[in-house]
Amino acid sequence: MDSFSRGDLVFDVRDSGPADGAPVVLLHGFPQDAGAFDRLSPVLHSAGLRTLAPDQRGYSPRARPEGRSAYALRELVDDVLALLDAAGLQSAHVVGHDWGGIVAWALAGWHPWRVRTLTALSVPHPAAMSQALVHSDQALRSSYMGFFQLPLVPEGVLLAGGGAALRRMLRSGGLPPDLVDSYVARMQQPGALTAALNWYRALPYGARTPLGTIKVPTLHVWGARDAFLGRAATEATARFVEAPYALEVLEDADHWIPELAAERTGELITAHVRTSS
């Protein structure tokens, strides 16, 4: 596969590895794209796993609807279901990082029969996140999300001077220059940054639909140097999983786990998939 459709939207997807391997869906976050997994995917391929990494809603040029309601969490989850259907897969192992992790949690919570295993990179269970916003420093870590709610202003700030502010944000986390250039270039496409920010602006649409507890085997990988997601929500996540659950803390890792800790993360995912097969 190199694309799949849902209604009028067409999503680009990278389908790689052994065609007969156990399928692993890789969901990127903000402001990444499927290229976030370019270092991780070969580790999974070497273990005999097939990977499907879509450019998600707003990131695929032909799947960039207008209006924040189009980016509600239900829509993002249904996009992944459309990918599974297009690939002829009843279920798959699902890996999500950052916003892709939130989609992965929701997919596992609402459609557990479609998820063989869940791997959440960086992101805790949303209910654990909500608790941490009140009882820890997580609100300070997440303060940028309030800024992203503003209309037009974030786009102007992040893209001014050729995306200088966005480049600084990505470089501060240690991302290699080639990936920084790639991510910023995509966000400079017409409407791309607004679409990506609409994931944040649509948060109120999902507030009334809890995920509940997760009932599929779950691996949670967190970087101890993550500036955006703290320890409180990470450690609280186990309370919201009613299935085998493992937390792996990468002491030297920042937020950008797929890019900067690809080898170790690939090994953890492979072991998780094999244990649950």
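If you're wondering where the values come from, they're calculated on a predicted model, not measured in any experiment.
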Task: Smallest separation among heavy atoms of A224 and V249, with atom names - done: CB-CG1, 4.0 Å
- [ ] Starting at OG1 of T234, measure out to CE of M129 and round the result to the nearest 0.5 Å.
- [x] 9.0 Å
Task: Distance in Å, T270 OG1 paired with H45 NE2, rounded so as to fall on 0.5 Å steps - done: 10.5 Å
Open item on the list: Using side-chain heavy atoms (C-beta onward) and a distance below 4.5 Å, is P31 in contact with L193?
Closed with: no
Open item on the list: Are the side chains of D98 and W256 in contact, using a 4.5 Å heavy-atom criterion?
Closed with: no
TODO: Spell out, as yes or no, whether a donor-acceptor pair under 3.5 Å connects the side chain of T51 to the backbone of L49.
DONE: no
- [ ] Taking all heavy atoms of P124 and all of W105, pick out the closest pair and write down the distance.
- [x] O-NE1, 3.1 Å
Open item on the list: Testing the basics here: between A261 and L250, what is the closest heavy-atom pair and its distance to 0.1 Å?
Closed with: CB-CD1, 3.9 Å
TODO: Over all heavy atoms of both residues, which pair between D254 and D226 is shortest? Give the atoms and the distance, please.
DONE: OD1-CA, 3.9 Å
- [ ] May I have all residue pairs that pass salt bridge (Lys or Arg N to Asp or Glu O under 4.0 Å) and include part of residues 173-192, sequence neighbours excluded?
- [x] D33-R186, D55-R186, R167-D181
Open item on the list: Taking the side chain as everything from C-beta on, heavy atoms only, tell me whether H220 gets closer than 4.5 Å to E248.
Closed with: no
- [ ] Look at the side chain of R6 and the backbone N and O of E75, then say whether any donor-acceptor pair between them is shorter than 3.5 Å.
- [x] yes
TODO: Decide whether L84 and V10 are clustered together by the hydrophobic rule: side chain heavy atoms of Ile, Leu, Val, Met, Phe, Trp, Tyr closer than 4.5 Å, transitively.
DONE: no
Task: Salt bridge flag under 4.0 Å for residues D38 and R14 - done: yes
Open item on the list: Given 3.5 Å as the limit, does a donor-acceptor pair link the side chain of W222 with the main chain of L229, or not?
Closed with: yes
Task: Test item: P61 and D12 side chains (from C-beta on) under 4.5 Å apart, heavy atoms - done: yes
Task: Plane angle bin for H125 and F240 - parallel if under 30°, tilted between 30 and 60°, otherwise perpendicular - done: parallel
Open item on the list: What's the separation between atom NE2 in H97 and atom OG1 in T265, rounded to the nearest 0.5 Å?
Closed with: 9.0 Å
Open item on the list: Set out, in order, the CA-CA distance, both residues' side-chain angles and the distance that settles side chain to side chain contact (heavy atoms under 4.5 Å, CB included) for V103 and L73, then state yes or no.
Closed with: CA-CA 7 Å; V103 176; L73 187 55; 4.2 Å; yes
Task: Minimum heavy-atom distance R116-P217, with the two atoms named - done: O-CD, 3.6 Å
Task: Residue pair L52 / F4, side-chain heavy-atom distance below 4.5 Å - done: no
TODO: Could you tell me whether the side chain of T237 reaches within less than 4.5 Å of the side chain of Y245, counting heavy atoms only?
DONE: yes
- [ ] Verify, without hydrogens or angle tests, whether R57 (side chain) and A70 (backbone) share a donor-acceptor contact under 3.5 angstrom.
- [x] yes
TODO: Check the pair R201 / N198 against side chain to side chain contact (heavy atoms under 4.5 Å, CB included), numbers first and verdict last.
DONE: CA-CA 5 Å; R201 292 166 177 158; N198 277 342; 3.4 Å; yes
Open item on the list: Please verify the inter-ring angle class for W199 with W99; under 30° counts as parallel, over 60° as perpendicular, anything in between as tilted.
Closed with: perpendicular
- [ ] Evaluate the ring planes of Y59 and H28, with Trp represented by its six-membered ring, and classify them as parallel (under 30°), tilted (30 to 60°) or perpendicular (over 60°).
- [x] perpendicular
Open item on the list: With clusters defined by side-chain heavy atoms of hydrophobic residues (ILVMFWY) lying less than 4.5 Å apart, directly or transitively, does V153 cluster with F30?
Closed with: yes
Open item on the list: Would you compute the distance between atom OG1 of T194 and atom CD of E66 and round it to the nearest 0.5 angstrom?
Closed with: 9.5 Å
Task: Q32 side chain vs Y183 backbone, donor-acceptor pair below 3.5 Å - done: no
Open item on the list: For the NE2 atom of H111 and the OG atom of S91, what is their distance to the nearest 0.5 Å?
Closed with: 13.5 Å
TODO: Decide yes or no for L89 and R114: does some side-chain heavy atom of the first lie under 4.5 Å from some side-chain heavy atom of the second?
DONE: no
TODO: Quick one: do R39 and F37 satisfy side chain to side chain contact (heavy atoms under 4.5 Å, CB included)? Show the steps, please.
DONE: CA-CA 5 Å; R39 300 183 179 195; F37 298 103; over 6 Å; no
Task: From K215 atom NZ to L118 atom CG, the distance as rounded to the nearest 0.5 Å - done: 13.5 Å
Task: Close side-chain approach of L203 and Y71, heavy atoms under 4.5 Å - done: no
TODO: For residues S3 and R62, report the shortest heavy-atom separation together with the two atoms involved.
DONE: CB-NH2, 4.1 Å
Open item on the list: Can you tell me which residue among V43, T119, L121, L219 is in a side-chain contact (heavy atoms from CB on, under 4.5 Å) with L268?
Closed with: L219
Task: Stepwise salt bridge (charged side-chain N to carboxylate O under 4.0 Å, His left out) check, R264 with E251 - done: CA-CA 12 Å; R264 177 58 180 151; E251 295 293 344; over 6 Å; no
- [ ] Take Y205 and R68, measure what side chain to side chain contact (heavy atoms under 4.5 Å, CB included) needs, and give me the verdict at the end.
- [x] CA-CA 9 Å; Y205 292 100; R68 64 174 185 161; 3.5 Å; yes
